[in-house]
**Q** 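Below you will find the structure I want to go over with you.
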Amino acid sequence: MILDLFGELNWLAIVVATIAWFAFSAIWYSIPPLSKAWAKAAGVDTSGEVPPLALLFIPTLIGYFITTVVIGLLVAGVGTETVSDGIILGVVLGIGFGMVGALVNQVYESKGSSYFLINGINAVIAYGIVAAILTVWD
């Protein structure tokens with residue numbers, strides 16, 4: 001059954017939703033209060049030399065694309081029809097996977113509540129954006 005849903009995916013919508021997620025996260029993590037708090041909690045030295053952007057962006061885009069495909073399969077399987085359906089599905093997924101993933105990482109990495117909240121809330125909003133785009137574009 002799940003393989004049948006691949007035929008229902010709108011691949012242009014998947015690409016657009018992936019780019020929207022990437023753009024949202026780029027803005028989210030560059031807002032000074034969040035960026036400074038995240039960098040401090042993550043232990044990232046922002047004053048030093050950074051790796052080439054391609055080494056950062058390519059794996060990020062690939063990961064976002066794969067997750068967007070999975071969200072697309074869920075959108076198709078659940079049958080979301082309205083923007084609010086998409087947002088609700090995305091928020092539920094963001095809480096269930098993004099927030100929980102950030103929480104588990106926090107438990108083992110002990111980087112602080114700001115790290116957990118910044119990453120977790122980003123996931124909730126991003127999944128909501130992605131699911132809303134995929135729902136509307138279906």
Side-chain angles (χ1 to χ4, degrees):
M1 174 174 159
I2 197 88
L3 292 177
D4 296 334
L5 296 176
F6 274 96
E8 295 182 30
L9 295 179
N10 180 331
W11 293 99
L12 179 58
I14 299 266
V15 169
V16 169
T18 299
I19 293 168
W21 182 357
F22 186 85
F24 164 72
S25 291
I27 293 166
W28 177 263
Y29 287 103
S30 67
I31 298 170
L34 291 177
S35 62
K36 289 181 187 218
W38 179 86
K40 181 179 177 187
V44 174
D45 179 12
T46 57
S47 65
E49 190 173 317
V50 297
L53 293 180
L55 292 179
L56 299 174
F57 292 169
I58 291 173
T60 302
L61 279 167
I62 291 170
Y64 286 1
F65 178 80
I66 291 167
T67 305
T68 300
V69 169
V70 172
I71 293 171
L73 291 169
L74 291 169
V75 164
V78 171
T80 58
E81 295 179 358
T82 65
V83 174
S84 61
D85 286 346
I87 292 170
I88 291 167
L89 176 62
V91 167
V92 168
L93 293 172
I95 292 169
F97 294 109
M99 287 292 282
V100 170
L103 176 64
V104 170
N105 287 343
Q106 163 54 25
V107 167
Y108 288 96
E109 296 172 7
S110 300
K111 294 191 177 190
S113 59
S114 61
Y115 184 77
F116 155 67
L117 288 172
I118 291 167
N119 289 328
I121 293 170
N122 172 268
V124 171
I125 296 169
Y127 284 30
I129 291 168
V130 167
I133 290 170
L134 297 177
T135 297
V136 169
W137 209 320
D138 188 30

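Bear in mind the structure is a predicted one, so any value in this text is a computation, not a measurement.
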**Q** Does any N or O in the side chain of Ser25 come within less than 3.5 Å of the main-chain N or O of Phe22, such that one atom is a donor and the other an acceptor?
**A**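 Judged by distance alone, no pair lies under 3.5 Å.
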
**Q** Measure the spacing between CG of Asn105 and OG of Ser110 and express it to the nearest 0.5 Å.
**A**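 Rounded to the nearest 0.5 Å, the CG-OG separation comes out at 11.0 Å.
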
**Q** Atom CD1 in Ile14, atom CD1 in Ile133: separation rounded to 0.5 Å?
**A**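 Ile14 atom CD1 to Ile133 atom CD1 measures 10.5 Å (nearest 0.5 Å).
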
**Q** If you group Ile, Leu, Val, Met, Phe, Trp and Tyr by side-chain heavy-atom gaps below 4.5 Å, do Trp21 and Leu9 land in one group?
**A**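 They do share one cluster, since a chain of ILVMFWY contacts under 4.5 Å joins Trp21 to Leu9.
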
**Q** Only distances under 3.5 Å count here; give the side-chain donor-acceptor pairs of residues 65-72 to other protein atoms, sequence neighbours excluded, each with its distance to 0.1 Å.
**A**
from  : atom 1 : to    : atom 2 : distance (Å)
Thr67 : OG1    : Gly63 : O      : 3.0
Thr68 : OG1    : Thr18 : OG1    : 3.4
Thr68 : OG1    : Tyr64 : O      : 2.7

**Q** Verify the cluster assignment for Leu74 and Tyr127: are they in a single hydrophobic cluster under the rule of side-chain heavy atoms below 4.5 Å apart?
**A**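 In one cluster: yes.
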
**Q** With the 4.5 Å side-chain cut-off for hydrophobic clustering, are Leu89 and Leu73 part of the same group?
**A**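 Yes, it is one cluster - the side chains of Leu89 and Leu73 are joined through contacts under 4.5 Å.
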
**Q** With sequence neighbours left out, write down each residue that passes side chain to side chain donor-acceptor pair (under 3.5 Å) with Trp38, or none if nothing qualifies.
**A**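 Trp38 satisfies side chain to side chain donor-acceptor pair (under 3.5 Å) with Asn119 only.
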
**Q** Nearest 0.5 Å, please: how far is CG in Leu117 from CG in Asn122?
**A**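 Asn122 atom CG to Leu117 atom CG measures 12.0 Å (nearest 0.5 Å).
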
**Q** Testing the basics here: between Gly98 and Ala123, what is the closest heavy-atom pair and its distance to 0.1 Å?
**A**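 In terms of heavy atoms, the two residues are closest at CA-CB, 3.5 Å.
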
**Q** Determine, using the 4.5 Å side-chain heavy-atom cutoff (strictly less than), whether Val92 and Phe97 are members of one ILVMFWY cluster.
**A**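 Hydrophobic grouping puts Val92 apart from Phe97.
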
**Q** Please give me the minimum heavy-atom distance between Ala17 and Leu134, naming the atom from each residue.
**A**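 In terms of heavy atoms, the two residues are closest at CB-CD2, 4.0 Å.
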
**Q** Hey, what do you get for OG1 (Thr82) to CD1 (Ile87), rounding to the nearest 0.5 Å?
**A**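 One gets 8.5 Å once the value is rounded to the nearest 0.5 Å.
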
**Q** Count the heavy atoms belonging to other residues, nucleotides or ligands that lie under 6.0 Å from CD of Glu109, then report whether that count exceeds 12.
**A**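 Above 12, so yes.
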
**Q** Please say yes or no: joined through hydrophobic side-chain contacts below 4.5 Å, possibly via intermediate residues, are Phe57 and Val130 part of one cluster?
**A**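 Same hydrophobic cluster.
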
**Q** Do you know the tightest heavy-atom contact between Ser114 and Ala37?
**A**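 Heavy-atom minimum between the residues: OG-O, 4.2 Å.
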
**Q** Going by side-chain heavy atoms closer than 4.5 Å, which hydrophobic residues are tied to Val78, directly or by a chain of links?
**A**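 ILVMFWY cluster around Val78 holds nothing else.
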
**Q** Kindly check if the number of other-residue, nucleotide or ligand heavy atoms within 6.0 Å of CZ (Phe24) is above 12?
**A**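 More than 12 heavy atoms, drawn from other residues, nucleotides or ligands, come within 6.0 Å of this atom.
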
**Q** Of all heavy-atom pairs between Ala131 and Gly86, which one has the smallest distance, and what is that distance?
**A**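 It is CB-O, 3.0 Å.
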
**Q** Closest heavy-atom contact between Met99 and Ile121?
**A**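 That closest heavy-atom pairing would be SD-N, 3.5 Å.
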
**Q** Testing the basics here: between Leu56 and Thr60, what is the closest heavy-atom pair and its distance to 0.1 Å?
**A**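 Leu56 and Thr60 have their closest heavy atoms at O-OG1, 2.7 Å.
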
**Q** Please verify the inter-ring angle class for Trp11 with Phe6; under 30° counts as parallel, over 60° as perpendicular, anything in between as tilted.
**A**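 Parallel: the ring planes of Trp11 and Phe6 meet at under 30°.
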
